[in-house]
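In this text, all values refer to a predicted model and were calculated from it rather than measured experimentally. The figures that follow rest on heavy atoms only: side chains count, while hydrogens, waters and symmetry mates do not.
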Amino acid sequence: MNLYDLFVKPYENYTALQILLEASGAFFGTLSVYFSIKKNIWVYPTGIISTLIYVYILFNFGLLGDCLINVYYTIMSVYGWILWSKNSSDHIHVDVTWATKKEWFYAGILFILSLAFVTLIYYYKPYIDNAENADFGLYHLDWANWLDIFTTSIFLVGMWFMAKQRIENWVFWIIGDLICIPMMIFKGLGITSVQYLVFTIMAILGYLNWKKV
């Protein structure tokens with residue numbers, strides 16, 4: 001399969017609105033990561049725009065886990081926005097630190113609960129898609145759906161650590177972004193897959209920048 005088949009051909013069947021929405025979501029998402037690297041509070045308003053766009057896109061593409069994570073992102077962005085505002089002397093930038101053992105314990109619980117919850121959502125997905133002839137189970141999942149469940153839990157923890165201004169958040173973004181690159185190509189979201197490649201590079205830079213501080 002060549003690059004045309006991977007990144008261009010899927011868009012032949014998309015509407016102009018669908019392409020514009022995905023490109024806009026990718027743009028604001030990239031902008032949000034940039035502000036995060038700079039420890040700038042604008043990470044949240046730009047992130048909220050991106051996540052709301054992707055809630056719509058991912059629901060329509062059947063990636064319920066990533067759809068739910070973007071709903072969570074939106075809620076956590078509001079929480080993080082408030083938290084960063086309180087902890088910022090200039091209302092723009094914040095100080096960052098390493099996570100405590102207690103916070104790692106909470107992160108582990110959050111990861112496990114997320115795995116269980118998103119798996120349950122996928123279990124009932126046949127009912128969500130077709131209520132009249134629903135057959136509950138996980139038989140309908142492909143490898144991208146299973147990865148979606150896993151990455152959802154990774155990103156949940158990463159978002160929580162970021163709201164808490166913890167350096168470790170970047171480790172979770174790096175792992176999740178790398179996994180999402182092939183998953184999005186498989187789902188026909190070429191623009192988004194390129195975005196995750198950019199996110200991976202930016203997350204590495206973000207980790208190095210926060211760690212230096």
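Of all heavy-atom pairs between Met183 and Ala144, the closest is SD-O, 3.2 Å. Listed here is the closest heavy atom pair of Ala203 and Asp177: CB-OD2, 4.3 Å. When all heavy atoms of Tyr44 and Ala163 are compared, the closest pair comes out as OH-CA, 3.6 Å. Summarising the geometry of Ile41 relative to Ser85, their closest heavy-atom pair is CD1-OG, 3.2 Å, with the distance given to 0.1 Å. Taking each heavy atom of Val43 and Ser32 in turn, the nearest pair found is O-OG, 2.7 Å.
Here Phe172 contributes atom CZ and Met162 contributes atom CE; the two are 14.0 Å apart, rounded to the nearest 0.5 Å. Separation of atoms OH (Tyr54) and CG (Leu21) is listed at 10.0 Å; rounding is to 0.5 Å. Between Phe199 atom CZ and Ile174 atom CD1 the span is 13.5 Å, to the nearest 0.5 Å. Expressed to the nearest 0.5 Å, how far CH2 of Trp210 lies from CG of Asp95 amounts to 10.5 Å. In this structure, Asn169 CG and Tyr207 OH are separated by 11.0 Å, a value rounded to the nearest 0.5 Å. Remark: Lys211 NZ to Trp98 CH2 distance equals 5.5 Å, nearest 0.5 Å.
The closest side-chain heavy-atom distance from Ile154 to Phe111 is below 4.5 Å. Between Ile109 and Ile112, the closest side-chain pair of non-hydrogen atoms is not below 4.5 Å. Residues Phe27 and Gln195 are not in side-chain contact: their nearest non-hydrogen atoms beyond the backbone lie 4.5 Å or more apart. For the pair Phe161/Trp104, a side-chain contact is recorded, criterion being any heavy-atom separation below 4.5 Å from C-beta on. Between Trp146 and Leu138 the shortest side-chain heavy-atom distance falls below 4.5 Å. Using a 4.5 Å heavy-atom cutoff, the side chains of Met184 and Leu58 are in contact. In this structure, Lys39 and Asn209 have side chains that are in contact, with non-hydrogen atoms separated by less than 4.5 Å.
Counting non-hydrogen atoms of other residues, nucleotides and ligands closer than 6.0 Å to OH of Tyr106 gives a total of 12 or fewer. Shown here is Tyr72, whose OH atom has more than 12 heavy atoms of other residues, nucleotides or ligands within 6.0 Å. At most 12 non-hydrogen atoms from other residues, nucleotides or ligands lie less than 6.0 angstrom from OH of Tyr34. When the shell of 6.0 Å around CZ of Phe186 is examined, it contains more than 12 heavy atoms from other residues, nucleotides or ligands.
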Report task. Tell me, with the steps shown, if Met202 and Trp173 meet side chain to side chain contact (heavy atoms under 4.5 Å, CB included). Result -> CA-CA 10 Å; Met202 295 180 74; Trp173 293 121; over 6 Å; no

Query raised in the report: Do Val198 and Val33 pass the side chain to side chain contact (heavy atoms under 4.5 Å, CB included) test, and can you show the C-alpha distance, the side-chain angles, and the key distance before you say yes or no?
Result: CA-CA 10 Å; Val198 175; Val33 176; over 6 Å; no

Report task. Under the side chain to side chain contact (heavy atoms under 4.5 Å, CB included) rule, what do Phe28 and Thr51 come out as? Steps first, then yes or no, please. Result -> CA-CA 9 Å; Phe28 282 104; Thr51 54; over 6 Å; no

Report task. Check the pair Arg166, Thr97 against side chain to side chain contact (heavy atoms under 4.5 Å, CB included), reporting the backbone distance first and the verdict last. Result -> CA-CA 5 Å; Arg166 300 298 180 253; Thr97 60; 3.0 Å; yes

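Cluster membership for Val55 and Phe59, using ILVMFWY side-chain heavy atoms within less than 4.5 angstrom, is not shared. Note on Leu141 and Val118: same hydrophobic cluster, where clusters join Ile, Leu, Val, Met, Phe, Trp and Tyr whose side-chain heavy atoms are under 4.5 Å apart, directly or indirectly. A chain of hydrophobic side-chain contacts below 4.5 Å, direct or via other Ile, Leu, Val, Met, Phe, Trp or Tyr residues, connects Ile19 to Ile49. One hydrophobic cluster, built from ILVMFWY side chains closer than 4.5 Å, holds both Val94 and Val78. Side-chain heavy atoms closer than 4.5 Å link hydrophobic residues (I, L, V, M, F, W, Y) into clusters, and following such links, possibly through other members, connects Leu120 to Leu115.
A donor-acceptor pair is defined here as one N or O able to donate and one able to accept, closer than 3.5 Å; no such pair exists between the side chain of Ser114 and the backbone of Leu110. For Trp84 (side chain) and Gln165 (main-chain N/O), no donor-acceptor pair under 3.5 Å exists by modelled atom type. Judged purely by atom type and a 3.5 angstrom limit, Asn70 has no side-chain atom pairing as donor or acceptor with the backbone of Cys67. Within the 3.5 Å criterion, the main-chain N or O of Tyr196 finds a donor-acceptor partner in the side chain of Thr200.
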